[in-house]
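Presented below is the structure to which this report refers.
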Amino acid sequence: MKRRAILAFMLDRPGVLQKVSMLIRKKMYNVDTLTVCNSRKKGISRMTITLREDDEEKVQQILSQLEKFTEVVSVKELDTDHSYWREAAIIKVEADDEHLESFRKDYTFEILDHKSNEIHIIQIAGSTRRIDAFVKDLGEEHIIEIARTGVTALEK
Amino acid sequence: MTGKELLLRALADRGVQTIFGYTGGAIMPVFDQMDKLGHFKFIMSRHEQGAAFMAQGLSRASLSTANPQVGVCMATSGPGAMNLVTGIADAYMDSVPMVAVTGQVATGVIATDAFQESDVIGVMMPICKQTYMPLFVEEIEQTVHEAFYVATTGRGGPVVLDIPKDVQNVQVDKDYHFDTAAFRPALPGFYYHPTPAREPLQKAVELINRSERPVIFCGHGVISSNAGKLLQQFAEKVNIPVAFTLHGLSAMPLDHPLSLGMMGMHGTVEANRAIMEADLLISFGMRFDDRVTGKLSEYAQNADVIHVEIDPSEIGKNVQPTVAINADVYRTLHVLVSDPMLAGKPRRRWRQRIAEAREVMAADLRREIDKGVGDDGALLMKTIIDRLSKLTGGRDLIVSDVGQHQMMAARFYNYQTPNSWFASGGAGTMGCSLPMAIGVKLARPEERVWSINGDGGFQMNMQELGTIMEQGTDLKIMILNNGYLGMVRQWQTLFFDGRYAGTPMQSPDFGQVASAYGIPYRKVTELAEIEPAIQEAIDHPGAIMLEFVCDPSEVILPMIPAGGGFDDMIIKRPKAKKKKD
């Protein structure tokens with residue numbers, strides 16, 4: 001099913017996140033990722049929700065029902081052709097330096113900490129697909145722990 | 001001033017005269033202050049659900065008056081607030097403006113599972129338009145004014161204010177001042193489009209002029225925006241028949257030559273056949289509910305759809321319109337009626353087709369109504385409603401409960417006056433009629449109000465007879481008692497081989513019940529007694545209860561089975577394979 005990103009700006013008030021997530025649950029969707037952060041304007045939060053749906057009309061329904069909430073200032077769908085979708089991951093890796101450095105040519109990542117010769121904490125940002133590819137290339141067996149932010153998106 | 005004083009001042013500023021409710025620990029300060037003030041008429045229900053439906057009744061019935069009021073109900077925390085849930089959810093489904101005020105435990109003990117604590121905001125959020133919990137006394141007035149604005153602007157709906165007990169008692173700072181006149185809601189995300197855009201209107205006019213087999217749909221939005229007369233003018237101007245949703249009934253006289261009556265699951269043959277064969281549906285203020293459309297994949301396959309609706313999220317939700325007009329129904333009709341480009345057409349063949357459909361069941365129904373009794377001699381509900389309609393000239397206010405009798409009241413009462421039909425539609429809440437009728441009577445005291453009940457629904461809220469007794473409410477109560485949950489029984493007859501699981505119901509002696517509350521009572525078992533009993537109720541100056549002993553095997557037809565298409569409409573009663581009663 002097609003992955004959709006919904007961008008919503010909403011009042012920074014208690015309960016708004018619950019309202020939005022309840023609407024999505026009511027519509028019988030599973031939220032893939034959900035990120036919330038401050039926006040440029042004080043008191044307004046920025047939320048990016050990704051979920052999977054092929055039917056354009058159903059997506060339109062979610063948008064118009066989200067828009068109905070008095071706390072939601074604006075809402076729109078972002079597609080990958082006209083917007084950047086990015087996420088970040090912090091990964092605790094068990095690998096020797098040589099193995100880790102072999103990925104430098106294909107991926108840009110930053111080493112945040114060397115816990116020991118074999119254990120490192122690294123940070124990588126990029127598209128979901130890129131982070132998936134990095135995790136796969138690195139090898140799941142080398143990963144001790146991974147924390148991903150979920151998608152945040154911005155129009156081009 | 002304290003929080004409770006500010007709350008009551010704001011309610012008074014908003015024109016609230018009546019408050020329905022039930023007191024308790026967490027709302028006591030407000031009640032105490034209300035009593036001291038003596039400004040509000042307080043109606044004590046016998047159950048909080050009753051208070052919510054009374055508030056709904058007041059809102060629903062006053063919509064079409066010169067003094068529209070927002071019903072206000074009040075309850076304590078925990079169980080008190082939870083008992084309001086059904087009435088609030090019902091108001092949300094039927095777009096009824098309403099404000100519910102609940103007491104909450106003190107802020108210091110919130111989220112500690114304190115005595116009578118419930119997460120009211122969490123529970124109410126999905127079933128109302130907006131929720132508020134003012135945590136500081138200075139927020140109270142702004143919150144109340146915002147709540148009324150949200151409840152009444154655009155598509156109506158209920159709003160909940162959950163006020164912690166300590167906030168009710170806190171003194172406001174001496175510098176505090178709230179300018180009611182200068183109040184503006186701080187809702188940057190609240191969009192409201194009352195005026196129709198020009199482009200879709202032009203397209204709509206083109207479609208209407210081109211159509212050969214059009215049907216107008218009249219929904220609740222026509223009543224909410226007080227546009228019944230305009231709708232009638234529009235229908236007459238373009239010469240197009242009008243079908244009504246359950247809540248659209250009474251927007252214009254039901255015996256108008258262009259009226260097709262109610263559409264949908266229990267709609268008339270002529271309304272449903274017209275919709276099946278239509279090339280254009282012009283819908284005003286309705287949401288294409290599943291009881292209206294039946295099977296969506298087969299619905300209005302060959303028709304263009306013009307959808308006029310104040311709530312943009314309803315447009316395209318169930319049926320994709322050809323032309324969407326997101327605007328107030330009154331304003332849209334006002335523009336349409338005066339549009340010189342809009343033309344009327346004779347459409348003789350179309351009118352002929354509808355006339356043929358009208359005859360499909362007419363003779364059978366007439367015969368049944370005239371016969372008036374079932375095979376075992378018990379009364380038919382349709383005959384009772386027909387007689388009520390004739391004796392009142394279709395001019396009284398009808399508040400129905402939910403079930404078979406509701407569909408009878410929707411189909412066989414000949415509504416003549418605007419906004420004279422009240423019932424729970426979207427939620428379909430049994431037990432709503434008695435308390436809702438109390439609110440309706442308060443809103444329109446000069447008009448006669450009938451609360452029509454089945455034996456099942458009546459017993460769900462019959463404790464409100466106590467409220468009627470206490471308030472001296474002049475209400476005409478009818479119980480159409482067939483000893484069953486009639487609508488479920490009908491489904492069991494038609495779709496469950498006549499196995500009547502969970503539907504037979506033993507009732508108390510309603511005469512003794514009425515007597516306990518000091519309400520006169522008549523039991524009607526014979527056809528010849530129907531009219532005298534109704535006439536007696538009309539003549540009696542106060543509350544009176546009439547119980548009619550009805551035939552349990554009566555069914556309301558036609559019927560489109562749930563999930564079925566219009567082609568599946570059942571016109572004749574099939575013989576049950578098995579019968580156990």
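Every chain is numbered from 1, with letters handed out A, B, ... down the list of sequences. Since this is a predicted model, take the numbers as computed values, not measurements. The figures that follow rest on heavy atoms only: side chains count, while hydrogens, waters and symmetry mates do not.
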- Message: Distance alone, cut at 3.5 Å: any donor-acceptor contact between the side chains of B:N326 and B:E309?
- Response: no

- Going by atom types alone, do A:T33 and A:T50 pair a side-chain donor with an acceptor below 3.5 Å? yes

Atom group of [X] that falls short of 4.5 Å from chain B, counting heavy atoms:
X: A:F69; result: backbone
X: A:L63; result: neither
X: A:Q65; result: both

- Query: Mind checking which of residues 72-88 of chain A sit less than 4.5 Å from chain B, heavy atom to heavy atom?
  - Reply: A:V72, A:V73, A:S74

- Query: Taking the six-membered ring of A:F109, is the NZ or CZ of A:R104 close enough (under 6.0 Å from the centre) and on axis enough (within 45°)?
  - Reply: yes

- Query: Which residue out of A:E57, A:K58, A:E67 racks up the most heavy-atom pairs below 4.5 Å with chain B?
  - Reply: A:E57

Run the side-chain donor-acceptor check on residues 154-164 of chain B: report pairs under 3.5 Å with partners two or more places apart or on a different chain.
{"residue": "B:R155", "atom": "NE", "partner": "B:S95", "partner atom": "OG", "Å": "2.9"}
{"residue": "B:R155", "atom": "NH1", "partner": "B:D311", "partner atom": "OD2", "Å": "2.9"}
{"residue": "B:R155", "atom": "NH1", "partner": "B:E314", "partner atom": "OE2", "Å": "2.8"}
{"residue": "B:R155", "atom": "NH2", "partner": "B:S95", "partner atom": "OG", "Å": "3.4"}
{"residue": "B:D162", "atom": "OD1", "partner": "B:T102", "partner atom": "OG1", "Å": "2.7"}
{"residue": "B:D162", "atom": "OD2", "partner": "B:Q104", "partner atom": "NE2", "Å": "2.8"}

- Query: Would you call the rings of B:Y299 and B:F217 parallel, tilted or perpendicular if under 30° counts as parallel and over 60° as perpendicular?
  - Reply: tilted

Cut-off 3.5 Å, no hydrogens considered: what does the side-chain donor-acceptor table look like for residues 131-139 of chain B, sequence neighbours left out?
{"residue": "B:Y132", "atom": "OH", "partner": "B:E146", "partner atom": "OE2", "Å": "3.0"}
{"residue": "B:E139", "atom": "OE1", "partner": "B:L135", "partner atom": "N", "Å": "3.3"}

- Task: Please list, chain by chain and in numerical order, all residues satisfying side-chain hydrogen bond (donor to acceptor under 3.5 Å, both in side chains) with A:E118, sequence neighbours excluded.
- Result: none

- Under the 3.5 angstrom rule, does the side chain of B:D328 hit a backbone N or O of B:T195 as a donor-acceptor pair? no

